[in-house]
Protein chains: 2
Amino acid sequence: MKQQTKISEAVVRRLPLYLQALNELSRGEVQTVSSQALGRKLDLNPAQIRKDLAYFGEFGRKGIGYDVSYLISKIRHILKLDRGINVALVGAGNLGQALCNYNRYSRDNMKIVAVFDDHPDKIGMHINTMRVQPMEELKATVEALQIRIGIITVPAAAAQKVADQLADAGIEGILNFAPAILKVPPSVRVHHADFTTELLSLAYYLEKDADHDDDKVVD
Amino acid sequence: MKQQTKISEAVVRRLPLYLQALNELSRGEVQTVSSQALGRKLDLNPAQIRKDLAYFGEFGRKGIGYDVSYLISKIRHILKLDRGINVALVGAGNLGQALCNYNRYSRDNMKIVAVFDDHPDKIGMHINTMRVQPMEELKATVEALQIRIGIITVPAAAAQKVADQLADAGIEGILNFAPAILKVPPSVRVHHADFTTELLSLAYYLEKDADHDDDKVVD
DNA sequence: TAGATTGTTAATCGATTAACAATC
DNA sequence: TAGATTGTTAATCGATTAACAATC
């Protein structure tokens with residue numbers, strides 16, 4: 001067991017990717033996978049995959065590769081997904097509702113168990129089996145349900161206030177969908193999930209001219 | 001004008017961030033901003049900001065800083081957002097509908113102008129003013145509306161097929177929300193927007209024990 | 001003029017990839 | 001045994017940060 005060396009964020013962010021690919025292989029009844037095969041699947045360098053995994057232990061067998069189920073269980077453990085993790089979502093708008101319904105995370109032991117909103121129109125509404133609660137109930141609910149992660153899907157202008165409230169309620173991590181940089185105490189980790197960044201940067205790579213027929217102009 | 005040197009992805013991905021912060025400053029009637037002030041706002045090193053911008057030209061004034069409106073117009077130009085860019089969305093589920101409604105991009109000259117789905121239940125449905133169209137109409141609509149970017153919000157299992165169809169229709173960029181690695185021709189650029197990665201990696205940084213009272217156990 | 005801040009070069013830091021002995 | 005593949009060290013590559021002359 002190493003764990004001493006501080007693991008870089010880049011490595012940690014690849015772990016869920018590995019998990020994803022491995023889950024797929026597992027569903028396909030694949031027993032064993034090499035770093036090369038996994039790399040092909042994920043468009044990643046095999047040496048990088050081996051190195052990433054080696055930070056956490058010796059999970060493979062020389063000449064053979066990695067046992068799929070075993071590696072899944074190891075990565076789940078590393079990501080602390082071997083216990084269920086409860087999540088609260090703040091902001092019951094379109095995006096928030098979509099995330100609540102979209103429950104792909106539950107397979108990975110993460111579950112949105114409470115939804116909050118400030119707006120009277122939203123409070124009391126039902127999403128799945130959850131009742132949208134007012135922000136005043138945040139702290140008590142976080143404590144009662146042992147919620148550890150918060151998702152922010154409110155407009156940018158409200159995001160900082162919500163982050164403060166989540167931090168105050170004792171949340172340990174925030175996934176922020178609002179296009180805003182949040183200031184939080186060091187005990188709280190923030191991950192950014194604002195896809196407008198990805199969408200706008202995509203535009204950079206478009207061909208120069210809006211008109212496709214750049215190099216074959218006729219008239 | 002440089003542009004010769006290939007700009008790294010990391011740089012390009014920061015441009016929308018700059019744009020975001022600058023737009024905010026602009027709304028606050030701020031005329032001028034220094035790399036230091038911008039860095040504080042975005043939690044970025046000022047030298048990095050200056051270097052990033054310098055790849056594209058000399059936009060600042062020594063001793064003064066950057067003119068906010070001027071820099072906005074420059075970055076918008078670099079990102080090719082000075083012309084409108086039409087976007088198609090495929091997958092009219094919860095997430096897809098949310099993205100259609102959430103029209104924050106239109107401010108940045110990007111607009112979802114068509115929605116597609118394969119499922120009979122969805123086809124013909126209305127989201128905003130858009131009618132959900134069957135996939136058979138994809139190619140014709142992409143050409144008619146000069147759509148250049150596609151957003152994928154279908155389940156992972158269907159994502160590759162949709163990517164193939166988008167590529168075939170002549171799309172230049174894809175924003176993929178499905179947890180799947182897409183294989184596309186080199187003419188198409190794919191950006192990944194699967195937030196489950198961000199959510200799961202957040203778990204890694206939680207305190208070891210699910211029980212908060214780690215260091216103050218009583219019973 | 002003095003203070004501030006850019007654009008840019010050089011120094012540092014970190015991450016990715018190649019290579020290979022160990023071994024299944 | 002021969003072939004495959006790991007774990008790990010060394011080499012490479014690239015990105016970030018520091019420093020500073022130029023100049024508003």
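Letters A, B, ... mirror the listed sequences (proteins, then strands); counts begin at 1. Only this structure's heavy atoms are used, side chains among them; waters, hydrogens and symmetry mates stay out.
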Search all heavy atoms of [X] against all heavy atoms of [Y] and return the closest pair with its distance.
X	Y	result
A:Ile112	A:Met130	O-SD, 3.5 Å
A:Ala203	B:Leu81	CB-CD2, 4.0 Å
A:Ile171	A:Gly150	CG1-N, 3.7 Å
A:Pro179	A:Asp194	CB-OD2, 3.3 Å

(Q) For DNA chain D, which residues of residues 21-38 of chain B approach it to below 4.0 angstrom with any heavy atom? (A)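 Nucleic-acid contacts, sorted: none.
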Could you go through residues 84-95 of chain B and list every donor-acceptor pair under 3.5 Å that involves a side-chain atom there, pairing it with any protein atom two or more places apart or in another chain?
| unit_1 | atom_1 | unit_2 | atom_2 | d |
| --- | --- | --- | --- | --- |
| B:Asn86 | ND2 | B:Leu145 | O | 2.8 |

Q: Write down the distance between OH (A:Tyr70) and P (D:dT6), rounded to a whole number of angstrom.
A: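 My rounded result for the distance is 15 Å.
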Q: Kindly check if the number of other-residue, nucleotide or ligand heavy atoms within 6.0 Å of NZ (B:Lys161) is above 12?
A: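 Incorrect, the count does not exceed 12.
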Q. Is the number of heavy atoms from other residues, nucleotides or ligands within 6.0 Å of CD (B:Glu198) greater than 12?
A.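 Yes, enclosed.
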(Q) If the condition is side-chain hydrogen bond (donor to acceptor under 3.5 Å, both in side chains), which residues does A:Asp52 pass it with, not counting sequence neighbours? (A)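 Listed in chain order: A:Arg14, A:Tyr18.
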Q: Kindly say if A:Tyr66 contacts the phosphate of D:dG7, meaning a side-chain N or O under 4.0 Å from OP1 or OP2.
A: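 Yes.
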Q. Heavy-atom distance under 4.5 Å between the side chains of B:Phe116 and B:Thr141, does that happen here?
A.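 SC-SC contact between B:Phe116 and B:Thr141 confirmed.
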Q | Involving DNA chain C, stems made of at least three consecutive Watson-Crick or G-U pairs, both distances under 3.5 Å | A |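 Consecutive-pair runs (3 or more) involving DNA chain C: C:3-24 with D:3-24.
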Please report, to 0.1 Å, the donor-acceptor pairs under 3.5 Å made by any side chain of residues 23-32 of chain B, with sequence neighbours excluded.
| unit_1 | atom_1 | unit_2 | atom_2 | d |
| --- | --- | --- | --- | --- |
| B:Asn23 | ND2 | B:Leu19 | O | 3.2 |
| B:Glu24 | OE2 | B:Lys41 | NZ | 2.9 |

(Q) Protein within reach of the bases, or only the backbone? For nucleotides 12-24 of chain C, mark each nucleotide 5' to 3' as B, S or -, using heavy atoms under 4.0 Å. (A) ---SBBBB--BBB
